[in-house]
Structures are given as C-alpha cells and as structure tokens.
Amino acid sequence: MNEPKRYLVTSALPYANGPLHIGHLAGAYLSADIFVRYLRLMGKDVVYIGGSDEHGAAITIRAKKEGTTPRAIIDKYHELFEDTFQKIGISFDKYHRTSEQIHHETSQDFFRALHKKGEFVEQTTEQYYDEDSKQFLADRYIIGTCPKCNHTEAYGDQCENCGSTLSPTDLIEPRSTLSGNKPVLKTTTHWYLPLDKYEAWLREWVETGLVDSEKTHDPKAWKNHVLGQCKSWLDGGLQPRSMTRDLDWGVDVPQEIEGAEGKKLYVWMDAPIGYISATKQWALDNDKDWKPYWQDKDTALIHFIGKDNIVFHCLIFPAILKAEGNYILPVNVPANQFMNLEGRKISTSKNWAVWVHEYVQEFEGREDELRYNMIRNMPEQRDSEFTWKGFQDTNNNELVNNIANFINRVVVLTNKYYEGSVPEIDQRHLVNSSVAQGESASYKEELRILFDGLRNVGANIKKYEFRAALTALMEISSKGNQLLQFNEPWKKQKTEPEDVKVVMNLGIQIVAALSVACRPFLPFTSDNLRGILNLPAIEEKGEWQAMLDTLEKEEAIIPAGHQINKPSHLFTKISDEVIAAQIAKLEATEAANKGVEYEAVKDTIQFDDFSKLDLRTGKITAAEKMKKAKKLLKLTVDLGFEERTVVSGIAEFFKPEDVIGQEIVLVANLAPRKLRGVESQGMILMSENEKGELGFVSPPKDWITGFTVR
RNA sequence: GGCGCGGUAGCUCAGGUGGUUAGAGCGCAGGAUUCAUAAUCCUGAGGUCGGGGGUUCGGGUCCCCCCCACGCUACCA
C-alpha cells in the first residue's frame with residue numbers, strides 16, 4: 001500500500017455521563033495524540049477528531065434521578081471533557097458533540113441513504129406504549145410485578161430484586177414510569193441492519209484486507225486481540241441489529257419516513273457518525289472540504305479506542321459505511337486493553353479511579369509527568385497497571401534523572417564555557433563515541449547516530465508501538481549522557497578546549513532534537529525546552545521532517561553562534577509525601593466502599609401475601625456441576641416426604657462436594673422452571689453480602705427436613 | 001460452558017516465519033566520576049520462559065491437554 005495522502009484520526013467519543021479517568025487517557029486519547037502530533041511534525045495532512053457522545057437512555061435516566069434535564073447533564077460533562085482534554089494536552093483538531101444540529105442532520109442523512117438503498121430490514125413487533133405521554137416506552141421506563149419473584153418494582157429489562165432478565169411483556173401489571181398509567185401494547189416498526197448479509201465481506205475485509213478485490217489494509221498490522229475479537233464475532237454469526245429505538249432523547253429518525261414518529265437512532269449508529277459530523281464542522285471552521293477525508297481512497301482512517309469498542313468500530317460501523325457506499329473503511333483500529341489502578345479494576349461507580357480533572361488541578365504544571373507514565377505503561381497488548389509509586393519512580397528516575405538532567409548538564413556547561421553561545425567547531429577534532437566506549441567518532445558520525453535514533457522513534461510511532469517509541473526517545477537522551485560521560489568535558493576544558501567544543505556542540509544538537517522528538521509525548525516539555533534553547537515554538541508543521549532532512553545531510557540542527565538561555569529545571573522530583581497523599585485518597589475511597597449499605601425495606605405486604613409462601617427445611621443429598629454453565633449447580637434436596645431437583649446459581653461460591661449434607665430452606669411452592677434443560681423445582685434461600693458473596697440460610701443443625709418455616 | 005487476548009528475571013515489559021551462553025528499564029550489589037536536580041557512567045548477581053505431554057537433530061517460539069488472569073457471550077428462580 002502506498003503512503004496515504006492524508007489521515008483522519010479519531011478517538012472514541014467519551015460518554016457524557018461521568019468524568020474522565022486515567023483509563024480513558026491510556027486507552028484511546030494519548031495513543032491518538034502521539035500519533036497525530038507525530039504526523040503533523042512530519043508534515044502530513046492529518047485531522048484529529050473527537051467529541052462527546054450525548055445520547056442514549058442512560059443520560060435520560062440519570063437526569064430523572066438527579067431531578068434535572070438531559071441537556072444539563074450533557075452540558076456539564078461536555079464542558080468538563082473539553083477542559084480536561086485541553087489541560088492534559090490532547091490536541092484535537094475538532095472536539096465536537098453529538099447534540100449539535102450538524103450531527104443530527106448528518107446522521108439522518110446517513111439513515112436516509114441506507115433507507116433509500118433498501119439496506120434496512122423493517123421488523124414490526126409489539127411494544128408497550130404510554131397513551132398519556134404519547135410514546136413507546138423503553139424497557140427501563142416500564143415497571144411492574146416480576147413474574148419470578150413477585151417484586152412489584154421490577155424494570156422491563158430486569159428485576160433488581162431477583163436479578164432476572166426480563167422482557168417488558170413478562171411483567172404482571174405493567175405501568176409506565178412516565179405517567180404511572182397502564183401502557184398498552186401497540187405495534188412498532190424498527191429498522192434493522194442485516195449484519196448477517198454483510199458477514200462474508202466483513203470477514204474477508206478483516207482477515208485479508210480486501211474489499212471488492214481491492215487491498216485496503218494489511219491485517220498483519222492489526223493487533224492480535226483486535227483480530228481475535230472480530231473473528232470471534234464473525235464465527236459466532238452476526239445477527240441483524242436494530243438501528244432505531246423508541247426513545248425521547250437522541251437523533252430523530254427522519255420524519256418523512258413512514259412510521260418514524262417518536263423514533264430515535266440507536267446510539268451506536270449515531271455516535272460513530274459523530275466522527276463524520278465533527279469533521280464537517282472542522283471543515284466549515286477552517287474553510288476546507290471534509291469529503292476527501294472520508295471518501296477518498298488515499299485517506300487513511302484510523303480509530304483509536306479501548307477494547308470494549310472493538311466490535312462497533314471493526315464490524316458495525318464499517319458495515320454502515322460500506323452500506324452507504326461512498327465511504328472508506330478504517331485502515332487500522334489499534335485498540336488498547338484496560339489499565340488497572342493499584343491492583344484493581346478502575347471503577348467509576350466505586351470511585352476507584354484517578355480522575356484526570358482532579359489530577360490537572362492537584363498537579364498543575366505536571367501534565368507531562370502523567371502522560372509519560374501513562375505512555376510507558378500503555379496497555380497496548382494486555383492489561384496494565386498504574387500505581388502511584390510507579391508514577392513517582394518514572395518521574396524521578398527517568399524524567400528528572402535521565403532526560404531533564406542531561407539537558408541541564410548541556411545547558412549549564414554551554415553557559416559556563418561559552419556564555420550560552422553554541423560553539424563553532426573544527427570537525428577535525430574527534431570525540432569519544434557515545435555508543436562504543438573507548439572508540440573515537442567524528443562529529444558527522446555522531447549526527448548520524450542521532451539521526452538513526454530519531455528515525456527509530458518515528459518508526460515505532462507509525463507501528464502504533466508507543467511504549468517502544470518512548471523507550472527509543474529515552475535512548476537518545478541516554479546516549480547524550482554517555483557522550484558527556486565518555487568525553488568528560490569538565491576535565492578536558494583546560495587541556496583540550498577544541499575537543500570540548502565538538503562535544504558540547506553535539507550535546508546541543510541532541511537537546512535540540514529532543515525538543516522536537518519529545519513533542520508527541522510531552523508537548524508542554526517541548527514548549528519549555530524550546531524556551532530554554534531560545535528556539536521558536538513548535539507549530540507541528542513539518543519540524544521533525546525538516547530536522548531529519550538536515551541531519552541526513554550531516555548538518556547541524558542549531559548553527560554555531562546561536563544564543564541559548566539560562567538553565568532551568570524541566571522536571572523536579574515528586575516527594576514521598578505527595579505520593580502518600582494520593583494513596584491515602586484511594587484508601588479513603590476503599591474505606592468508604594467497605595461501609596455496609598443496607599437495602600431499603602420493600603413495600604409492606606399483608607400476612608396473606610406471606611402465607612402464600614411455602615418454605616420448608618431440607619438437606620442437600622447430591623450435587624453436581626451443570627454443564628455449559630458457570631454459575632449453576634444441580635442439587636438434589638431431601639424434604640423428608642419427597643426429593644426435589646433444584647438448579648441453583650451458587651457454583652461460583654460452592655463446590656458440589658462441599659454442599660452435600662448442607663441444611664437449607666427451600667421455597668417449595670415456586671413454579672418450576674427449566675434452566676439449561678433441567679427443571680428446577682424450588683429455590684434455595686441464600687443471603688448475599690455486600691461483596692455479592694452467597695451464604696446458606698440454614699435451620700438449626702440436625703433439624704428434621706420437610707418442616708415448614710414461618 | 002463457548003470464544004478471544006495474555007501468563008518470560010523481585011517489579012514493568014521486548015522477544016516475525018523454531019537454531020549457538022533468553023533480552024531491556026527499574027530495583028539490588030560492587031566500582032568509576034563530580035559538569036549536573038546525590039544526578040551520571042561502567043560491571044555484576046537474578047529466570048527449570050504458567051504446568052504436563054508431543055513433533056523435531058534442536059521449542060519461550062509449532063501441536064495437544066490442563067491451570068491462572070482479563071475481555072466478550074450464555075447462565076443466577
């Protein structure tokens with residue numbers, strides 16, 4: 001494949017429902033930011049797109065819960081996202097939002113196009129409709145009595161009391177959460193994308209890179225886990241997926257289409273199109289044409305995402321793009337895995353996270369320090385881990401001791417020996433090689449080493465191997481330290497000043513190269529370093545390429561005679577106290593999470609209701625693991641007067657051999673139900689603690705089985 | 001249960017198509033050095049490459065089985 005003419009790079013749209021944490025950064029934003037900054041530095045035509053994902057039922061439900069409007073919620077998070085990204089240096093060309101008019105129009109146009117081409121399959125089903133509110137009710141907007149446990153507040157998709165997965169029509173006495181009225185069943189039509197029909201070409205595209213016999217990407221360049229995940233879905237057989245929902249918050253299905261009233265686009269149809277509408281807005285703002293970026297075969301489209309989004313970006317969105325017909329498909333989807341925090345999964349709901357907006361506030365001016373650690377531990381091939389101790393170590397050992405110290409040494413010596421003026425050199429004077437101790441090297445040979453080092457950084461970035469690229473960057477700095485160490489200018493200055501000039505000139509060239517090469521990773525440091533060197537700020541317009549061109553000719557990047565500024569420290573150490581405070585913050589979270597939360601007592605029932613239950617003491621006499629089920633055990637329960645077979649979801653906590661002989665309480669008159677092909681005749685009472693662990697509710701030891709409990 | 005990515009030095013991780021004594025950074029030990037934010041440089045110790053079989057002259061690398069962690073999915077009466 002040829003070098004693309006232009007690049008369109010996207011980062012996953014964060015959902016406007018909670019703040020950004022370090023996992024987001026490490027997953028989809030830093031990698032993309034490094035990539036696009038590098039491309040810009042190489043003089044490439046690149047547009048980097050992001051935006052807030054502001055639709056979907058979760059936002060409406062949250063608004064309802066907090067007594068506010070969806071609009072207020074999305075505004076709050078959109079502002080927070082924009083501010084946070086800007087402060088941590090994610091260099092979007094356009095950070096947009098899906099609530100904008102242009103986005104609604106763009107996604108509706110997409111829908112129209114697919115509808116017109118007959119790509120959709122229409123399917124009509126019966127769903128609940130609220131006649132007062134005049135709208136169909138999403139599963140979560142219907143509550144009623146659970147058919148399984150008789151809980152009166154079960155949702156249409158799930159009963160939170162017994163955990164059953166439900167469908168709204170399962171509910172007894174359903175009522176609308178909007179009006180409280182009884183909803184009526186009404187037919188509704190939805191538009192399905194027949195993914196099953198696209199399966200063949202999707203498979204060929206993913207596995208070989210061929211679309212309509214044209215090579216569009218190299219599958220070997222895709223990550224293993226991305227290919228594996230795609231193949232897993234393809235092998236499982238793709239199902240038609242509804243592209244519309246009966247909701248009141250989202251993009252309207254184009255109203256001229258029959259039956260569109262009250263219908264919204266499915267968020268996973270609407271959100272990725274957000275990349276396109278944001279590109280349109282960028283083009284309007286900058287007087288450009290958006291179309292080549294999405295429709296020209298010479299454009300490389302790259303989606304940076306976390307592993308949870310693989311199926312949408314590698315199968316569903318490409319299917320939508322191809323069905324429309326005018327669009328290119330992504331050349332790569334370099335999904336990252338997840339980043340854990342101090343040994344545990346990051347959890348927004350448990351507040352187990354390092355929030356980026358808090359970091360930029362508490363560590364103002366230390367944005368690059370977090371970026372550095374995130375990149376160094378980026379979960380490129382497998383899950384990785386952030387620890388505050390590790391953060392301190394990488395800062396103190398690598399940023400301070402290696403790179404900042406090297407730069408400081410060069411700047412201090414240049415000021416001391418030459419009053420800050422880059423020394424004129426005589427190239428006949430050789431230096432001790434920075435890479436082979438004891439051997440000598442010419443000025444030009446050392447420039448070549450620097451050139452190779454820079455190329456190595458760039459090559460790794462283009463391969464999406466950002467950790468390796470960062471290591472390559474640090475190697476340049478390490479070689480700088482070696483150059484000084486092997487040549488000892490502080491000793492030779494008195495005896496061989498001409499040799500020292502060559503060494504120090506090289507030192508300055510390396511520092512100047514670092515000011516460009518660190519840019520994708522550490523943009524703020526790049527600015528600071530340019531200031532120390534008294535060089536113009538980087539605009540990310542081909543500077544890296546220009547530098548390579550110069551070095552390839554074995555010429556200096558900074559000419560002799562250039563005046564640099566006084567030294568100042570680029571990075572400073574982070575103390576144990578600062579780290580301890582952050583760890584204490586996490587420990588406080590942990591302590592707060594440990595506090596026992598009691599569930600609210602349910603609605604009062606009458607004695608009659610209770611007496612409907614027939615509870616009996618029993619004893620487990622046999623137990624075996626159910627095949628093809630992780631959580632299920634098949635138990636035989638002795639009730640004295642009869643034996644029952646009960647299937648129970650306790651396999652994660654109890655081994656079959658451990659529960660034999662266990663005395664239990666059984667709901668003996670629960671309607672039987674088939675589970676994995678086995679009829680379960682009753683339900684064993686279990687108590688669940690705050691960790692979700694289960695324990696038996698038992699009668700006294702050696703109690704007689706079959707007795708009633710009341 | 002099915003499918004998928006992983007399991008390599010104390011820690012974090014590299015190791016296309018099988019080939020001599022398995023690598024890096026941090027940490028640790030010893031030495032050199034003082035221009036620099038006690039920073040830097042050199043040397044060294046440390047691994048039965050998750051476990052067990054197999055193919056091969058030769059396996060971290062290929063095949064089979066098992067174990068562990070994570071993700072997707074089914075499943076908690």
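Each chain gets a letter, A, B and so on, in the order its sequence line appears, and its residues count up from 1.
The line from CZ of Arg371(A) to CD1 of Ile34(A) is 6.5 Å long, rounded to the nearest 0.5 Å.
In this entry the base of G46(B) is syn relative to its sugar, with a glycosidic angle within 90° of 0.
For RNA chain B, runs of at least 3 consecutive pairs of the Watson-Crick or G-U wobble type, with both hydrogen-bonding distances under 3.5 angstrom, map to B:1-4 with B:70-73, B:10-13 with B:23-26, B:28-32 with B:40-44, B:50-54 with B:62-66.
G4(B) and C67(B): their P atoms are spaced 16 Å apart (whole Å). Spacing between A9(B) and C49(B) at atom P, rounded to whole Å, works out to 10 Å. Distance check on atom C1': G23(B) versus G47(B) gives 11 Å, rounded to whole Å.
Among pairs with a residue in residues 460-500 of chain A, those fulfilling ring-ring contact (aromatic ring centres under 6.0 Å, His included) read Phe35(A)-Tyr464(A), at least two apart in sequence or across chains.
Of the two residues contacting RNA chain B, namely Trp233(A) and Thr471(A), the nearest-nucleotide position lying further toward the 5' end is that of Thr471(A). Looking at which nucleotide of RNA chain B each of Leu484(A) and Ser477(A) is closest to, the 5′-most match is held by Leu484(A).
Among U12(B), G25(B), G7(B), the nucleotide with an atom closest to any side-chain atom of Arg376(A) is G25(B). Picking from C70(B), U34(B), C35(B) the nucleotide with the shortest atom distance to the side chain of Lys307(A) gives C70(B).
Within the structure, every side-chain polar atom (N or O) of Gln229(A) is placed at least 4.0 Å from both OP1 and OP2 of U73(B).
There is a side-chain donor-acceptor pair under 3.5 Å between Ser698(A) and Gln662(A).
Of the listed residues (Asp638(A), Ile664(A), Leu666(A)), just one forms a side chain to side chain contact (heavy atoms under 4.5 Å, CB included) with Ile620(A), and that residue is Ile664(A).
Trp222(A) and His217(A) have parallel rings, their planes meeting at less than 30° on a 0 to 90° scale where 60° marks the start of perpendicular.
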